[in-house]
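In this text, all values refer to a predicted model and were calculated from it rather than measured experimentally. A note on names: the letters A, B, ... follow the listed sequences, proteins ahead of strands, and every chain is numbered from 1.
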Amino acid sequence: GESVGLHLPTLSVQEGDNSIINCAYSNSASDYFIWYKQESGKGPQFIIDIRSNMDKRQGQRVTVLLNKTVKHLSLQIAATQPGDSAVYFCAENRGSNYKLTFGKGTLLTVNP
Amino acid sequence: DGGITQSPKYLFRKEGQNVTLSCEQNLNHDAMYWYRQDPGQGLRLIYYSQIVNDFQKGDIAEGYSVSREKKESFPLTVTSAQKNPTAFYLCASTVAPGPNTEAFFGQGTRLTVV
């Protein structure tokens, strides 16, 4: 079965609010994680990544938090905008060969 | 601009026919990948290639074939053996095989069996 999954399949927020998208993983050997954004009918776009030797990484309006103790990953989006509406996937890297395993995704809807 | 180009964007196939999806990249990336995405699902790995003239099966390779004759190109053939080929297909590349490396994706090909 899936080793990377999401707690919430859908998330609806008001414009300007902060959004938090969660992801659980089961493989403790995973050492690299990526968040992707996918708009309807398009390919995924890289948002931010984090290695297992870190617990937090910040980008522009986004922060990724990694809790290895409970194998949990989250993506925080500050001041969410309508253009942030999309499906967000977390992905983990396993093993020495590059293979990303994706979760099912969370649909984020931003209401004006 | 560098990137990954998938073509066509939409493709229709009759049952029993093979069809080939194109993926070209000008990023000078060594590794390329094909994923399948079904509605409401995550991406599943079909095949990947770490270097020219070499490729490996992913998690759902049955009914698919690939070739990697050139660094820039990684075409995917959906054969008649693939029983449920209707899906959104995504090609990706990474600068090198191995962990800790970001994948760049194309815009996808939506394949429909008619």
Side-chain angles (χ1 to χ4, degrees), chain A residues 1-10 21 23-27 29-54 57 59 64 66 73 86-108, chain B residues 3-10 21 23-25 27 29-51 54-61 87-112:
Chain A
E2 298 274 352
S3 88
V4 178
L6 295 166
H7 294 303
L8 295 174
T10 61
I21 301 171
C23 178
Y25 65 96
S26 60
N27 190 340
S30 294
D31 56 5
Y32 179 60
F33 304 87
I34 307 177
W35 280 100
Y36 283 95
K37 172 186 179 183
Q38 186 178 28
E39 297 175 346
S40 181
K42 296 184 178 179
Q45 289 177 281
F46 173 89
I47 301 174
I48 193 168
D49 60 357
I50 189 167
R51 293 176 173 77
S52 59
N53 62 352
M54 305 170 68
R57 190 159 190 233
V64 56
L66 176 62
L73 192 68
V87 176
Y88 290 81
F89 293 95
C90 65
E92 64 174 314
N93 172 257
R94 300 174 176 174
S96 58
N97 290 322
Y98 181 86
K99 281 184 65 175
L100 277 181
T101 299
F102 287 80
K104 288 185 170 61
T106 292
L107 173 62
L108 175 66
Chain B
I4 300 177
T5 302
Q6 289 186 241
S7 61
K9 187 172 182 179
Y10 299 97
L21 284 59
C23 179
E24 303 279 331
Q25 54 99 359
L27 300 166
H29 284 179
D30 284 326
M32 298 185 74
Y33 312 80
W34 275 105
Y35 289 89
R36 170 181 171 139
Q37 186 176 30
D38 293 285
Q41 300 294 314
L43 281 64
R44 293 184 289 169
L45 183 64
I46 305 172
Y47 267 98
Y48 64 104
S49 168
Q50 299 182 55
I51 198 169
D54 183 60
F55 49 83
Q56 289 83 39
K57 293 182 179 180
D59 300 320
I60 55 164
F88 190 49
Y89 290 87
L90 287 158
C91 179
S93 70
T94 55
V95 62
N100 302 331
T101 178
E102 171 195 348
F104 292 83
F105 283 86
Q107 292 302 295
T109 293
R110 188 167 298 282
L111 173 64
T112 303

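- Of all non-hydrogen atoms in B:Phe88 and A:Lys42, the two that sit nearest each other are CE2-O, 3.7 Å.
- Taking each heavy atom of B:Ala103 and A:Leu100 in turn, the nearest pair found is CB-CD1, 4.3 Å.
- Aromatic ring centroids of A:Phe102 and B:Tyr35 lie under 6.0 Å apart.
- Evaluation of the side chain to side chain donor-acceptor pair (under 3.5 Å) rule for B:Glu24 yields B:Ser73 as partners, not counting sequence neighbours.
- Heavy-atom distances place no part of B:Gln56 under 4.5 Å from chain A, backbone and side chain included.
- Note: A:Lys104 NZ to B:Asp38 CG = 11.0 Å, rounded to the nearest 0.5 Å.
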Worksheet item: Checking side-chain contact (heavy atoms from CB on, under 4.5 Å) for the pair A:Tyr36/B:Phe105: CA distance, chi angles, key distance, verdict?
Response: CA-CA 10 Å; A:Tyr36 283 95; B:Phe105 283 86; 3.7 Å; yes
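- Not a single side chain to side chain donor-acceptor pair (under 3.5 Å) links B:Gln6 to another residue, sequence neighbours left out.
- When all heavy atoms of B:Leu90 and A:Pro44 are compared, the pair lying nearest together is CD1-CD, 3.7 Å.
- Neither the backbone nor the side chain of A:Gln45 comes within contact range of chain B, judged by heavy atoms closer than 4.5 Å.
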